[in-house]
Amino acid sequence: MTIVTRFAPSPTGFLHIGGARTALFNWLYARHNGGKFLLRIEDTDRERSTDAAIEAIFEGMKWLGLDWDEEPIFQFSRRERHADIARQLLAEGKAYYCYASKEELAEMRDQARAESRPPAYDGRWRDRDPSEAPAGVQPVVRFKSPNDGVTLVRDLVQGDVTFANEQLDDMILLRADGTPTYMLSVVVDDHDMNVTHIIRGDDHLTNAARQQQLIEAIGWAVPEYAHIPLIHGPDGAKLSKRHGALGVEAYRDMGYLPEALRNYLLRLGWSHGDDEVISTEQAIDWFNIENIGKSAARFDFAKLENLNGIYIRNADDAYLAALIKPIIERMTGTDLDPNHLKLIEKAMNGLKERAKSVNSLAESSLFLVAERPLVLDDKAKSLLNEEACAVLQRLADRLESLAEWDKDLVENAVRAAAEAEGLKLGKIAQPLRAALTGTTVSPGIFDVLDVLGRDQSIGRIRDAIPG
RNA sequence: GUCCCCUUCGUCUAUCGGUUAGGACGCCAGAUUUUCAUUCUGGAAAGAGGAGUUCGAUUCUCCUAGGGGAUACCA
């Protein structure tokens, strides 16, 4: 039997980080087993579902590299099929019409709580004759769930979890307006899509018991369940917008590489011995449900950032250059010409060693494309005092006389200059850096000279010298 | 309130009855270095509490505490 997993977000907002992890686990499990990973948009809440959110989910999945098989299923479009099942249940006496008003429902809840009983619908219409129905009230359809006994959910992550059936009331299958509820829809869709493994957040654990009852009543096979722990914010509380509950596109905008985020998310709640940096191939190869932890994990930006740095350092230069191109263009307000892009690519090796985000990478490469004369920051200005400028003047002359702009020749010239001046290399390198980059932080100074080339290097040095 | 789940360094985790409780991030100190990083070396840092089971519990059981989730005509 082929393994089929699915990710089933409701399009009421962006693809948040918790959803992304759920999607990742489903994707990995399917890929690991050579199965299928399906996408289903749970858009039955017409009020809150938006096209923008659907688009954001697709985009987020693509950005993370989580490709799904087959066309996405839109749950709302299957409402007739869902309702059919409800009607079938009705015909079989496994469901019934309920005419209780919202006020009655609220009353039941309050009373149950007051009496320390589970707050549940009391089943008042369960066995009543339809002829008793009040006039003018559109009924809902409720599932006739077992009153006693227990429901055992055999969860791959949580283990065997038992729920007393009296704890679970008769849930609504069809609303008064005839539309199916989530509980009915998921069960029918997962069945029709041949989903074998349901991997989702453990906030659905109780739902699993209810859904299992429904599945059994219909007579279908119960799928495997794996309820994974939720992600918490740094303070241990549920992830909110304040922490990391941002859309994945927010992480992209903060300069995180999708592969770094994916690695981080994978290690959050799942482990493979002491392995930390895990490639996609390894992840697919190693992923299993057994190694998913049972406790909630806190989101830690510091670790994400560290991983991001590792992935940036190991990334391909051209790939990174292409990534930062639009960022630089946004920063400078002008389009990058091909020569500049080549320059950036050439400098990338030294640049990426120092970056912890794509954004900071873009920022640190700005000096490469800056127009002369450079705008110097304060620290750079203070480095270029009279004495330093005199040194740079002589250095510029020395560089000017170089037969060719060869990296080694340039380095030798600078070192020779330092020696001639009786200065340590640092004493000459820092003012030089200030003149060449306008800042006090950059890749190695010889790399900078090499990448910038003769004209820019000498020009920038001369620009920095007053008069 | 009721039901369910969770609990090892600050954080993510390893350990599947016997370990000096390991690794990673972060932090501290040092080395390398033309800046910043990188890299390297070293360090501080943990079994929530209490009972049991056992020759022996971080590991198994129970209780307590703390945290989380679910309790909708949302998904």
Side-chain angles (χ1 to χ4, degrees), chain A residues 8-12 42-45 47-49 75 98 100 102 105-106 109 112-120 138-142 153 155 157-159 161-164 166-169 171-177 179-183 185-186 201-207 209-210 227 229-230 232 234 236-238 264 267-277 291 293-307 309 313 350-356 364 379 383 414-415 418 424-430 432-434 437 439-446 448:
Chain A
S10 54
T12 53
E42 307 215 319
D43 55 351
T44 53
D45 185 343
E47 294 285 297
R48 299 194 298 148
S49 297
Q75 194 159 57
C98 167
K102 300 219 183 205
L105 260 20
R109 270 193 294 272
R113 186 181 273 251
E115 293 171 15
S116 280
R117 285 186 293 107
Q138 280 297 313
V140 298
V141 173
R142 282 187 187 268
V153 176
D155 192 272
V157 172
Q158 307 287 335
V161 185
T162 323
F163 294 89
E166 57 174 6
Q167 204 63 226
L168 279 8
D169 65 359
M171 61 186 161
I172 293 176
L173 265 21
L174 251 34
R175 301 188 185 93
D177 66 3
T179 59
T181 59
Y182 158 80
M183 287 292 181
S185 302
V186 238
D202 69 7
D203 50 338
H204 283 290
L205 189 57
T206 320
N207 290 339
R210 315 184 88 113
H227 287 90
L230 267 16
H232 288 177
K238 195 179 178 180
Y264 177 73
R267 275 291 286 107
L268 205 56
W270 179 86
S271 59
H272 184 265
D274 284 341
D275 294 304
E276 295 288 347
V277 181
N291 285 353
K294 294 178 80 174
S295 54
R298 300 187 190 203
F299 195 90
D300 181 20
F301 272 100
K303 186 146 184 173
L304 206 210
E305 200 152 273
N306 171 266
L307 268 174
R313 264 171 261 140
L351 250 19
K352 68 184 181 185
E353 198 88 339
R354 299 165 164 74
K356 57 190 190 337
S364 64
K379 283 185 195 161
L383 268 174
V414 175
R415 289 191 185 276
K424 283 173 117 174
L425 186 56
K427 282 289 176 193
I428 196 167
Q430 267 312 81
L432 181 55
R433 172 171 286 111
T437 70
T439 73
T440 52
V441 176
S442 82
I445 198 67
F446 303 123
V448 172

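Letters A, B, ... mirror the listed sequences (proteins, then strands); counts begin at 1.
- The CZ atom of A:Arg210 sits 18 Å away from the P atom of B:G69 (whole-angstrom rounding).
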Polar atom pairs (N or O), protein with nucleotides 2-6 of chain B, under 3.5 Å:
unit_1: B:U2; atom_1: O2'; unit_2: A:Gln167; atom_2: OE1; d: 2.7
unit_1: B:C3; atom_1: O4'; unit_2: A:Gln167; atom_2: OE1; d: 3.1
unit_1: B:C5; atom_1: O2'; unit_2: A:Gln158; atom_2: OE1; d: 3.1
unit_1: B:C6; atom_1: OP1; unit_2: A:Lys294; atom_2: NZ; d: 2.3

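- Looking at residues two or more places apart in sequence or on another chain, you find no salt bridge (charged side-chain N to carboxylate O under 4.0 Å, His left out) involving A:Arg313.
- Under 4.0 angstrom from either OP1 or OP2 of B:U71 there lies no side-chain N or O belonging to A:Arg113.
- Evaluation of atom-type donor-acceptor distances gives no pair under 3.5 Å for the side chain of A:Asn207 against the base of B:A70.
- By the side chain to side chain contact (heavy atoms under 4.5 Å, CB included) test, A:Gln158 pairs with A:Asp155, A:Val161, A:Asp202, A:Leu205, A:His227, A:Lys294, sequence neighbours left out.
- Computed from coordinates, the A:Phe446 CZ to B:U35 C1' distance equals 12 Å when rounded to whole Å.
- Within 4.0 Å (heavy atoms only), A:Ile445 reaches at least one base atom of the nucleic acid.
- When the P atom is compared between B:U11 and B:C27, the two are found 16 Å apart, to the nearest whole Å.
- For A:Leu105, whose side chain is taken as the heavy atoms from C-beta onward, the closest listed nucleotide among B:G69, B:C73, B:C12 is B:C73.
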Could you write out each protein N or O paired with an N or O of nucleotides 38-41 of chain B at a distance under 3.5 Å?
unit_1: B:U38; atom_1: O3'; unit_2: A:Arg313; atom_2: NH1; d: 3.3
unit_1: B:U38; atom_1: O2'; unit_2: A:Glu353; atom_2: OE2; d: 3.1
unit_1: B:U39; atom_1: OP1; unit_2: A:Arg313; atom_2: NH1; d: 3.3

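- For A:Ser442 and B:U35, the shortest distance from a side-chain N or O to OP1 or OP2 is not below 4.0 Å.
- Residue A:Asp177 is out of contact with every strand shown, counting any heavy-atom pair closer than 4.0 Å.
- Atom pair A:Leu230:CG and B:G67:P shows a separation of 17 Å (rounding to whole Å applied).
- Taking atom C1' on both nucleotides, B:U13 is separated from B:U8 by 9 Å, rounded to a whole Å.
- Side-chain proximity of A:Asp274 to the nucleotides B:G22, B:A75, B:U13 is greatest for B:G22.
- A:Leu307 places its CG atom 15 Å from the P atom of B:C12, with the value rounded to the nearest Å.
- Taking the P atom of each, B:C9 and B:G23 are spaced 16 Å apart, rounded to whole Å.
- In terms of the side chain to side chain contact (heavy atoms under 4.5 Å, CB included) criterion, residue partners of A:Arg354 (sequence neighbours excluded) are, by chain and number, A:Pro443.
- Here A:Gln430 pairs with A:Leu383, A:Arg433, A:Thr440 under the side chain to side chain contact (heavy atoms under 4.5 Å, CB included) rule; sequence neighbours left out.
- The base of B:G1 lies outside donor-acceptor range of the side chain of A:Glu115, with no N or O pair under 3.5 Å.
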